[in-house]
Amino acid sequence: MTRKPGLFGRVYNGLILLFLYAPIFVLIVFSFNSTKSRSVWSGFTFDWYRSLIQDSSIMNAFYTTIIIALLSAVIATVAGTFAAVGFYNMRRRWRTPLMHINNIPMMNADIVTGVSLALLFVSLGSALRFNLGFGTLLIAHITFNIPYVVLSVMPKLRQLDSNLVDAACDLGCTWLKAFWKVVVPEIMPGIINGLIIAFTLSVDDFVISYFTAGGNVMTLPMKIFAMTRRRISPEINALSTILFLTVLILLIVINVREAKQEEKQKEKLRRSQG
Amino acid sequence: MAKELIRLSGCNVAFDGDIILDNINLCVKDKEFLTLLGPSGCGKTTTLRIIGGFLKPDSGDVYFDKVRINDVPPHKRLVNTIFQKYALFTHLNVFENVAFGLRLARTQNKKIDKHEISRRVFEMLDLVSLKGFEKRDVASLSGGQQQRVAIARALVNKPKVLLLDEPLGALDMRLRKDMQNELKQIRQAMGITFIYVTHDQEEALAMSDSVVVMEGGVIQQVGTPEDIYNEPSNAFVADFIGESNIVDGIMRSDGVVEIFGRKFKCLDGGFDPLEPVDVVIRPEDIDIVSSGKGKLTGTVTGVTFRGVMYDIIVDFHGFKWLIQTTDLCPVGTEIGIQIDPDGIHIMKKSRFSGMYGDYSSYSAEYDDIGDAELEHETDDKDSITRNA
């Protein structure tokens, strides 16, 4: 039961939201400020966005971020979907411990995952002669994305009618055909959610990237961090605004999709009982 | 009757050390309506899954038209199945669900062109009264309509045998009766073999040509509905099919059985002299007479009004009987009873003797409580499927 909060509660909630979001709001507003001042509004401009685009090191970081996000999201989605199907068909005795292992990257603090992966890559790298760089960054992103894909596909598998594959085989499918023609389409909403979540997390990640990218590759969050160490320029405001909006839009898409699917599921349940 | 179509011979299935099927031998004739009947966990669904090809027996053989088909996968068998909860493809609409099997047949070498597919799908939708629903999303249909889609989806492939796994289990009482009639009509129209799994004995009696009663992974009896009801082979079958009073008796000679020290005439024979037996007396075969005139005298201890008749519980020598009568006998009345020879059925003693047929703990809700078991069966079955 939710009770409407009293006056005190509402003021309290309002203050929390204000402290959380006011800095971001100020940041967005001042990304359009025509001078470098961070306190005085002196007119509207797109200059900082323009200089962003002209800065080749920033644009490189941007491309790296997008490529890493796309590649890691797609690879993690394929791997995670197969993993989820595997877990689902496993006996409980095996499934439970493997699911726990799957959840480790999600439960650990990013810094732990980041340092562990860095140690792994460095020690493997000295043995197999490779350096930290694009490849290790990509593997790190795939690693922390897979558990989220598994967790987003798993509930869809559980909702499947237990006889669905049998029904497809009964109508003339081999097992593999039944998987492609029936199981994959039925769990597709979960797969797509997993893909968007993975992409978002990848764009947003700083800590793990910082430890696994090495010296020559940079993602946008790393670039922002590097820029703030020298001087805080309004370009950072512009860049942060772009990142913030991208992640915000993706999160809204994920949540709207999930709400819609839940609604559909409820409707289905209601129908079949009626 | 018609020729043999499917034969199971010595089929055994065990799962994690539990015996699910114990030496099942079964013959299904062509164009027959055969029902596998039993309580949850008796192995009826497992038997059906063996015929469908979703499960291989640990030992034993399956024959279809005299050809051994143990190793033939489900998609190559001339059998289609209607699953519990239907297993419809929710990402496809009604038309595509029904056309699913035909489209697959087209990609194999059996050529069915587009017009043929659509003609046959519409013909099927017509048969199951779903004309005009072809564009609908299956999730938007009611339980009864989803059931019809499942029937059409299976029958459109023109199987030789249709397997039905508790197809009416999810429907309410009224709809279930309607669908029973409809299934019978559909079968007549198609002229194919139905193998039907249910735990509902009334459904089994009403629909089948022959009934296979199962319990504990063992076939207890095979026969026509009349045989099963009138000549149950043991106390389990007698109790599971309809209501029955099952009492201990002793055969005095052919045609004479002693119950509670009184001799009754019966039609059964062929037992050893003085052999202890189980005696089945159906509640509707007992005539109530005034006390003193009957062979046995007892006191009424409970009355339940059932509409067409009363169920009364009568105490004879500490053993409670169920009697169905149209006469009202208030609680506490002393009554006598008479039983005609054809109302008495004698069975050999079995492992079920003494377990069933006493109405001491009878209550009106008892049957409903029994049905709650159904939940478990799906779980069992899942685990078997998963590891098949």
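We use all heavy atoms of the structure for the numbers below, so side chains are in, but hydrogens, waters and symmetry mates are not. Naming: A, B, ... by sequence-line order, numbering from 1 per chain.
Of the two parts of B:Arg77, neither the backbone nor the side chain holds a non-hydrogen atom closer than 4.5 Å to a non-hydrogen atom of chain A. Neither the backbone nor the side chain of A:Ala178 comes within less than 4.5 Å of any heavy atom of chain B. Proximity to chain A (any heavy atom under 4.5 Å) is restricted, for B:Leu88, to the backbone atoms N, CA, C and O. Using a 4.5 Å cut-off between heavy atoms, B:Asn157 touches chain A through its side chain atoms alone.
Looking only at distances, a side-chain donor or acceptor of A:Asp170 sits under 3.5 Å from a matching main-chain atom of B:Thr81.
Between B:Pro73 and A:Thr174, every side-chain heavy-atom pair lies at or beyond the 4.5 Å cut-off.
The neighbour count for A:Ile111 CD1, taken as heavy atoms of other residues, nucleotides or ligands under 6.0 Å away, does not exceed 12.
Closest approach of A:Leu164 to B:Ala87, counting heavy atoms only: CD1-O, 3.7 Å.
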Inset, instruction - Give the intermediate values and the outcome of side-chain contact (heavy atoms from CB on, under 4.5 Å) for residues A:Asp161 and B:Phe83. - result: CA-CA 10 Å; A:Asp161 190 311; B:Phe83 293 91; 5.8 Å; no
Legend entry - Evaluation steps, side-chain contact (heavy atoms from CB on, under 4.5 Å), between B:Phe100 and A:Lys181: CA-CA 10 Å; B:Phe100 192 87; A:Lys181 287 187 86 92; 4.2 Å; yes
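Here OG1 of B:Thr90 is found 9.5 Å from CD of A:Gln159. Values are rounded to the nearest 0.5 Å. Note that CG of A:Asp166 is 5.0 Å distant from CZ of B:Phe54, once rounded to the nearest 0.5 Å. Atoms NE2 and SG, from B:His75 and A:Cys169 in turn, are 7.5 Å apart once rounded to the nearest 0.5 Å. Atom OG of residue A:Ser162 and atom NZ of residue B:Lys85 lie 5.0 Å apart, to the nearest 0.5 angstrom.
Residues of residues 244-262 of chain A never come within less than 4.5 angstrom of chain B, heavy atom to heavy atom. Close approach to chain B, defined as a heavy atom under 4.5 Å from one of its heavy atoms, is seen in A:Val182, A:Pro185, A:Glu186 of residues 182-197 of chain A, taken by number.
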